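Computed from a prediction, not measured in an experiment: that's the story for all the values here. Chain A is the first sequence line, chain B the second, and so forth, proteins listed ahead of strands; every chain is numbered from 1.
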Amino acid sequence: MRVYNTISAQKEDLIPIKDKHINMYVCGVTVYDYCHVGHARSAIVFDVIRRYLSYRGYDVKFIRNFTDIDDKIINRANELGIGWDELSKKYTSEFYHDMDLLGVGRGDIEPKATEHISEMIEIIAQLIESGYAYSVDGDVFYEIEKFKDYGKLSKKDISKLEAGSRVNVDKRKRNPFDFSLWKSSKPSEPSWESPWGQGRPGWHTECSAMSKKYLGETFDIHGGGADLIFPHHENEIAQSEALSGKTLANYWIHNGFITIDKEKMSKSLGNFFTIRDILRLYDPEVLRLFLISTHYRSPIEFSEDQLRDVEISVDRYYSTMLRVEEFLTLKGHAKKEPDLSSLQKIVSSAINRFTEVMDDDFNTAQGVGIIFELIREINRFLDTKQKGSSADVLIKQAMSLIRQFSDILGIFTKTPDTWQISLMKTKVIPLKESDIAELIENRNTARAGKDYAASDKIRADLDKMGIILEDRMGKTTWKVKLNYKV
RNA sequence: GGCGGCGUACCCAAGCGGCUAAGGGAGAGGUCUGCAAAACCUUUAUGCGCCGGUUCGAAUCCGGCCGCCGCCUCCA
C-alpha cells in the first residue's frame, strides 16, 4: 500500500511499526456547535481509511479525540448562558447523532481533553524542565526556536513567517510564534490547578498527551484536516518529539477542504452548511457518496447540483438491486446457454482492480467507479433476460463484490425499499404507501380493460405527487421522483 | 513576501511516462414498452489552461506564462 505522507510530501509504502498492526490518531472536533460538511468529510475520509486498512488485514487501533475545553467553547457557553461542560456535552452528542447517520464508526478510544489534564500538566512540566518552555505570570509558552526541526511538517521557515500580520502578538512571548501550553484563567472561567496557578491547557497539548497515553511515543498514522497541519500538528510534533527524541508519527495524512464558490468552507467566513442542513434534503448516503467521489486530498466544491447528481447515482444503484432481486426470483431457464463472458470478465478482475486503486493512497473515486462499472454490466446482462443457474451464480457473485466494496466505503447500506422510504421523507411525498398501492391496483384494472386513458390519468396524477410507476415483467413498481419539488 | 496545490468534455471527476483519456450527471438518436419509466446501445475531449523543451513515446517529467485556491490566525 502507498499513502501520501504530508511530512515527506510524497507517496510512500505503508510499513507499520508492528507487523499487521496500525495505530492511528485522528484529530476530532471541538464540540461547541453543530458539525458542518467539512467536518463530515474529514470524519468520513478517516472512517474509510480505517475500514480499508481492516479489510486489508490490519489490526487497526483508531483514536479520535474530542476537544471539550477551549476558548470557543467558553465564549459560546457564555453567549448562551449555560455551563461550558453542558455545552460540550450537548455538542458531543450532536456529533454522534450526525456521524451515526453518516455511517461513521466510533473510535476504539475517544479521549477528551478534560479527562487528561494531569497528563498534559506532566508534559508541560517536562518541557519547562528540559528547557523547551517557559512560564510567564501563570501562562506557559513553548519556545519554538529551541526545537530545531520546527516547521518540518508544514515546510515553514520560522524566520520567514509573517509574525503578527493578522493577529496581535503577545509581548510576553520570546518569539511571536511561541504557542501556549497553559493559559491562566480569569476567576469566572473554568480552570484546573497547576504548578503555574489556576488555568487550562492550550489546545495542542491534548493530542500530544493523549496520543502518547494510548499509542505510545511513536505511532503509525496521524490524521486530520489540512488546516491542522499548521500550527496544530506542527506544534504537536514540537512538544512530543522534544521530549521523546523520537518520531511522533510515521505517516501524516490530511484531507482537503470543502469549498463554496472556490473558497474554503469555514465557520469564520460563515459560508458553511451544517450536516443536518443537508440531511434535511438528502439521504445521508448521498452526502457520503458525494464526499468520497473525489480523492480525499483534492478540494471539493460543494454544490447542490452535484448532490442531486449523486442522488441519481444512488437511486441507480438501488434500482439495479431491485432488478436483481426480481431476476433471481424468476423461475425457468433460457433456451440457449446464457452469454456470461462480458459480466464474467469484469467480475473476475474487480477485486484486484478495487484493491489496486485503494492501495494507491485510498483512491475512493476510482473505487466508486468500479462499483458503477459492475452495475452497468449487471444491468446489461439482465437486459438479455437469460435465466439459468450459471447466470444466477454469476449475478450473485457480482452482487457480493459490490457488497464488499460498498461496505469498505460505507455506502449502499439500505435495501431498495428503505431507500424509497427515505426518499419519501426527504422529498416530502404527500402519499402513504397504501395510497400508492391502491392507485396502482386501480390502474391495473383499467389497463386490463385496455382503458389507457384512465390508467394514464392515474399515472400522471401520481407523477404530480412525486411518484413514478414502472411496468416491468408483468408487475408495476413505484419509485420516488427525484426531481420532485413540493 | 514565504511555502504548497489546482486548471481534463456541457457539469462533476479519475488518471501521476506507453493499452480505445475511468466513473457519474446532462443533451441527442435508437432498442424495449399499449404509451411511459427503468435498463441497455450509439453519440458529445485526435483532446487534457497557454507556449516551449526532454523522450522512441507526455494529460502525466522540466521551464516560462495566464487564471484560481490554500496555509503563514482559531479552523476538519
Side-chain angles (χ1 to χ4, degrees), chain A residues 6 9 11 26-30 35-46 70-72 151 154-169 177 203 223-232 234 254-259 261-269 272 289-290 293-295 297-301 303 305-316 319-320 322-323 353 357 360-361 363-373 375-385 447 450 452 455-456 459-460 463 468-472 476-479 481:
Chain A
T6 305
K11 285 185 199 170
V26 175
C27 288
V29 293
T30 300
C35 288
H36 61 60
V37 178
H39 299 110
R41 181 180 196 188
S42 186
I44 288 170
V45 161
F46 289 101
D70 97 323
D71 292 357
K72 291 193 293 291
S154 54
K155 316 283 182 279
K156 292 197 189 308
D157 181 345
I158 303 171
S159 62
K160 297 233 173 78
L161 294 177
E162 281 190 19
S165 66
R166 292 161 76 186
V167 146
N168 290 332
V169 175
F177 289 96
W203 174 38
D227 42 6
L228 299 183
I229 295 170
F230 189 90
H232 186 54
E234 195 71 70
H254 294 98
N255 64 275
F257 302 128
I258 306 276
T259 60
D261 294 329
K262 299 282 183 97
E263 278 192 318
K264 180 184 166 189
M265 178 185 287
S266 74
K267 276 287 169 67
S268 42
L269 288 170
F272 62 89
L289 181 59
F290 169 69
S293 292
T294 299
H295 184 86
R297 282 189 284 114
S298 304
I300 298 181
E301 171 71 12
S303 90
D305 285 352
Q306 242 20 69
L307 278 174
R308 234 172 271 132
D309 288 353
V310 171
E311 184 178 57
I312 293 169
S313 299
V314 175
D315 194 59
R316 178 171 155 77
S319 296
T320 303
L322 188 62
R323 289 190 78 195
R353 290 205 298 139
V357 299
D360 185 11
D361 200 27
N363 197 328
T364 54
Q366 279 193 289
V368 169
I370 291 170
I371 291 178
F372 279 99
E373 282 178 46
I375 286 173
R376 191 187 59 230
E377 283 303 330
I378 289 171
N379 274 315
R380 189 184 285 174
F381 180 78
L382 258 32
D383 273 1
T384 68
K385 301 195 169 89
R447 289 180 75 212
K450 296 206 189 264
Y452 292 123
S455 75
D456 288 354
R459 186 170 64 193
D463 186 89
I468 291 171
L469 298 184
E470 294 181 5
D471 300 319
R472 199 171 49 240
T476 301
T477 55
W478 60 268
K479 60 189 288 183
K481 186 178 177 179

- Note on the structure: Between L228(A) and D261(A), whichever has its closest RNA chain B nucleotide further toward 5' is D261(A)
- Residue mapping more 5' on RNA chain B - nearest nucleotide basis, K479(A) or I258(A):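 Of the two residues, K479(A) wins.
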Between the base of [N] and the side chain of [X], is there a donor-acceptor distance below 3.5 Å?
| X | N | answer |
| --- | --- | --- |
| D471(A) | C35(B) | yes |
| R376(A) | C40(B) | no |
| R459(A) | A36(B) | yes |
| K11(A) | C16(B) | no |
| R447(A) | G34(B) | yes |
| D360(A) | G15(B) | no |

Would you kindly give the [atom1]-to-[atom2] distance between [X] and [N], to the nearest whole Å?
| X | N | atom1 | atom2 | answer |
| --- | --- | --- | --- | --- |
| H295(A) | G23(B) | NE2 | C1' | 16 Å |
| H254(A) | G4(B) | NE2 | C1' | 13 Å |
| H39(A) | A76(B) | NE2 | C1' | 5 Å |
| I300(A) | C69(B) | CD1 | C1' | 15 Å |
| D456(A) | C35(B) | CG | P | 11 Å |
| D383(A) | C40(B) | CG | P | 7 Å |

- Query: For R316(A) and C40(B), is the shortest distance between a side-chain N/O and OP1 or OP2 below 4.0 Å?
  - Reply: yes
- Task: Report yes if at least one side-chain N or O of N379(A) is closer than 4.0 Å to OP1 or OP2 of C40(B); otherwise report no.
- Result: yes
- Message: Assess the residue pair S42(A) and N255(A) against the criterion (side-chain hydrogen bond (donor to acceptor under 3.5 Å, both in side chains)); give the C-alpha distance rounded to whole Å, side-chain angles, the decisive distance to 0.1 Å, and a yes or no.
- Response: CA-CA 6 Å; S42(A) 186; N255(A) 64 275; 3.1 Å; yes
- For S303(A) and D305(A), test the side chains for any donor-to-acceptor distance below 3.5 angstrom and give the result as yes or no. no
- Message: Are G24(B) and F372(A) stacked, with the base six-membered ring and the side-chain ring centres under 5.5 Å apart and planes under 30°?
- Response: no
- Task: Select base, sugar-phosphate, or nothing to describe what K264(A) touches, counting heavy atoms under 4.0 Å on all strands.
- Result: base
- Query: Between S293(A) and L289(A), which heavy-atom pair has the shortest distance, and what is it?
  - Reply: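 Heavy atoms of S293(A) and L289(A) come nearest at OG-O, 2.6 Å.
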- Which pair of non-hydrogen atoms, one from H254(A) and one from R297(A), has the smallest distance, and what is that distance?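 Smallest interatomic distance, heavy atoms only, reads O-CG, 3.6 Å.
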